Structure formats: structure tokens, C-alpha cells
Number of protein chains: 2
Amino acid sequence: MTTHHFSTKDRILSAAEALFARQGFAATSLRQVTSRADVNIAAVNYHFGSKENLVNEVFRRRMDQMSEERLAALKVACCERPGELEPVLAAFVEPALAMAQDRHGGADFVRVIARAYAESNDGLRKFLSDRYGHVLREFAKAITGCVEGLGKEDLYWRLDFLAGALVYAMSDFGLIKRPSGTSESSHRQRAAAALIRFASAGFKATN
Amino acid sequence: MTTHHFSTKDRILSAAEALFARQGFAATSLRQVTSRADVNIAAVNYHFGSKENLVNEVFRRRMDQMSEERLAALKVACCERPGELEPVLAAFVEPALAMAQDRHGGADFVRVIARAYAESNDGLRKFLSDRYGHVLREFAKAITGCVEGLGKEDLYWRLDFLAGALVYAMSDFGLIKRPSGTSESSHRQRAAAALIRFASAGFKATN
DNA sequence: GTTAGCCTCAAACAAGCGTTTGATTCAGCC
DNA sequence: GGCTGAATCAAACGCTTGTTTGAGGCTAAC
């Protein structure tokens, strides 16, 4: 008889996600993970084979869903408000926001994404680019349709700026400290709105 | 008789910088550092006291200079073209660009900065905030003077966006791959110009 | 009741970690 | 020459790391 609601695998994934978010991959030991998950140390290698594979599974569990949400939101934006830039940017930013507000560890996952970019975990970056690159290409196409005279090189630079700003803002890596009065949810809501305004103006800047 | 041109301390710092840039702090062992620096393992604790202190010193060696350059450039910008935003942003962005182009490991250091954001070592963040927070405060003041009606909260959000985008772009973390035809120097030059335009428009966006 | 297969467990493994030790080298100074 | 203090060294310290082992519990099928 166990009092846990989730399977051993899921508890390991969630514990790993939270610790990776807080400390990074290399700095997080499997013993920390299994202790937090209330699971025997050997369970990780039994269920996932290795630590590296655990890292990959932590990604798969959420990233597929977020990419689908982004593409779906993009489709809606293009249909309902064609030619407008802000809905497109919102389609990119808001699924990350929604994930960050998910009560089941989504906030941690957003930070894990930031770490994945920062750690050139060689295989991991290639994995992300291979598996989710097409999403960015879709958004690039949509943005091109919203901004007249935006060259390809500027477009890609600005997408990089957007991605960088999004990752750092959503991860609380920057200067901004959430005031103790406001909830984490509305804090992120504001960040997303501010970023969409900021990036929208940025994408429309002329050269 | 030694064939080295630099002191033990400097060789340790440079080796650590390169390895931290490539692998992150936690994933880099002191044995890797001392092996690359061609130095005995005990030298790190002799000269720096601990690994954590070595990390701090890697920062101090370059960050002091970059901060001074930023403040000097800001002063010039405010004197020569008062009220204009782009020179202020250039004063923030271009010293980072110059550092990234420095031939003696500056490019590595820019990536180390990105890792410092990502790994979020608490001791390191406090060190950075204590030592270099006043620089950001100076820029915040200058930007406020250039953009009418920009509230404090939006100002700080946008500074975060700028910092995130800068770090991201300078570290080659994003989509943009340098075309084989162009030099790394002119590649970064373009990134800086594009970022200044992007951020300038973003800071001026109304709410 | 027995068997089979999945799962969990305490314990141990070799390897690597950051740090410390004590001896040794070497330059500069009285 | 003798002394001093900084710098370097090989070796070892105690500890944590990811991973493996083999015994045993449990459920379900026969």
C-alpha cells in the first residue's frame, strides 16, 4: 500500500524537473532526485537506463505538448486576425506562459528549457533543434507576412532576441524580482504582455 | 625554466574561463582546469582558496573592465547626444561586443556570462548583483530620461529583455548560424546593430 | 500452490570530486 | 652560508557521484 497518487516513473520525472530547474543538470545528483521522489536510488536506472536518458525524458514529457499548442494558436491567430503581428507573437509567448502557470511543475519546466539552451549538452541542443525547429520556421513565415520589408537576416536575429528575452523573463533570471504582493501567475502575465509589446515594436523597427 | 608566458594564476583563470564557457561551472572539475593550465591540482586552492572563489575571480578579471567601459560610453552618449536612446543602448551593447571580439578569451567570457544567468548559483548572483548592480541602475536612469512616460516596472522588464537578448545573441545560442562567408567579427557587429534597433523600438513602445 | 514477471530494496562498486597535507624547490635578503 | 617565505609538487584525505548487484516482495496466470 502506497499513499502516492502517481507512478514511480512520474514521481521521478517531476522531482528531476524541479531539481534541474533549480540547480541545472550537472549539479543535480540522482540521490537528490530519488530522495525527493521518495523512491529508491536504483529506480532511476531501472526505469530510465541512465541519467542522460532521464534528462531527455523530462523534455519529451512536456515539449511536444507546448509545440502543438504554439502551432495551434498560430493557426488561429493567422485565421482570425490575419496580417496582425501581436497575435502571432502571443501565439508564441502564451503557451510558454501557460506552461509556466501549470500547477503540476510547468513553471519548473520553463526554467529547464532555459538551462537546456545554456548547457551545450551537445546532444541535447541538437535534439531540440531537430525535433522542434519546424515550429520556429512556421513562426518565421507568419511574422514575415505581418511585417513589410523585413529581410530574412533581420527576421532571424529578431526571433533570436525574442526567444532570449522570453526564456530569461519566464525563468526569473533577470533583475526583476516579483513583489511580494503579487501572485506568481499575475507576475508572469505582466511579463508576457510587456514582452509582446516590446517585441512587436522591435519587429516593426525599420532599418 | 618555464616556457609559459603567463603566471600560474592567469593560466588557471584562462583555462577555467574556457572550460566554464564550454561546460558550465558544475560540470567542470578542477582537475580539468589544472590539466589544461598545465598546473598542479593544489595550485587552485593555494591561489584562490576554493572553486567557488575561482569562479568569482574569473568574473572579476573581465567584468570590472567591461563595466567601466559601459559607464564611460554612457557618459559620452549622454553628453554628446542627450535625449537620444540609441546611443545609450549602444553604450550598453557595444562593450559586450568588444569583449566578445577580444582575441584573448573574451568570446569565452561572454558565454560564461550566459551560464551565470542560467546556472543561477546563488553565491555568484549575489556577488554579481553587489558588485555590478550600480551599472544597471545608471543605465536605467539614462533610459528613463530618453523615453517619456515609461513606468518603472516596464523599464525594468525591458531591461531584462535587453539583457536576455544580448546574452543570447552574443553567445550564439540561437538559431542564427554565422554564414561561412562572413567573419565572426562582422557577424557580431551585425547582431549588435540589429539588437540596438530592435531594443530601441521596444523601449519606445507605448502601453 | 506454483510459477513468471515486474518492481523495489539495501548494499556495494569503481571512479571522480574538492580539498588538505607535508615535503621540496627556489629566489631574495641579512 | 643560513634563513625566510612564496610557490609547486605528488600523494592522500573523506566524501559523493552514477551505476550495478542480488535478494526478495508482490500480483496475476495457470
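Fair warning: this is a prediction, and the values are worked out from it, not measured in the lab. In what follows, chains are A, B, ... by sequence order, proteins preceding strands, each numbered from 1.
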Name all residues meeting the side chain to side chain contact (heavy atoms under 4.5 Å, CB included) criterion together with [X]; count only those two or more places apart in sequence or in a different chain, and write none if there are none.
X      : value
B/T144 : B/L155
A/K9   : A/S7, A/H47, A/F48
A/N53  : A/S50, A/E57
A/S35  : none

## Note on the structure
Stems field, DNA chain D, Watson-Crick or wobble, 3.5 Å, at least 3 pairs, by first number, holds C:1-30 with D:1-30
## Note on the structure
Those residues at least two apart in sequence (or on a different chain) that pass ring-ring contact (aromatic ring centres under 6.0 Å, His included) with B/Y132 are none
### Summary
The first and last nucleotides of DNA chain C lying within contact of chain B, meaning any atom under 4.0 Å from one of its heavy atoms, run from C/dC17 to C/dT21
### Query
Checking all strands, does B/T34 fall into the base, sugar-phosphate, or nothing category for heavy-atom contacts under 4.0 angstrom?
nothing
### Query
Across the strands shown, which category fits A/S7 at heavy-atom distances under 4.0 angstrom: base, sugar-phosphate, nothing?
nothing
### Where protein sits on nucleotides 19-28 of chain D, one letter per nucleotide: B base, S sugar-phosphate only, - none, heavy atoms under 4.0 Å
BBB-------
### Query
Any side-chain heavy-atom pair from A/E86 and A/R197 closer than 4.5 angstrom?
yes
### Message
Quick check on A/R190: does its CZ atom have over 12 non-hydrogen neighbours (other residues, nucleotides or ligands) under 6.0 Å away?
### Response
no
### Task
Round to a whole Å and report the spacing from CG of A/L19 to C1' of D/dG18.
16 Å
Taking side-chain hydrogen bond (donor to acceptor under 3.5 Å, both in side chains) as the definition, give me every residue that meets it alongside [X], ordered by chain and number, with sequence neighbours left out.
X      : value
B/E84  : B/R81
A/T34  : none
B/D154 : B/N207

### Task
May I ask you to verify if any side-chain N or O of A/S29 is less than 4.0 angstrom from the OP1 or OP2 atom of D/dT16?
no
### Message
Filter on salt bridge (charged side-chain N to carboxylate O under 4.0 Å, His left out), then keep only pairs touching residues 63-74 of chain A, sequence neighbours left out; what's left?
### Response
A/D64-A/R131
### Upstream residue (5' side of DNA chain D) when A/Q32 and B/H47 are each assigned their closest nucleotide
B/H47
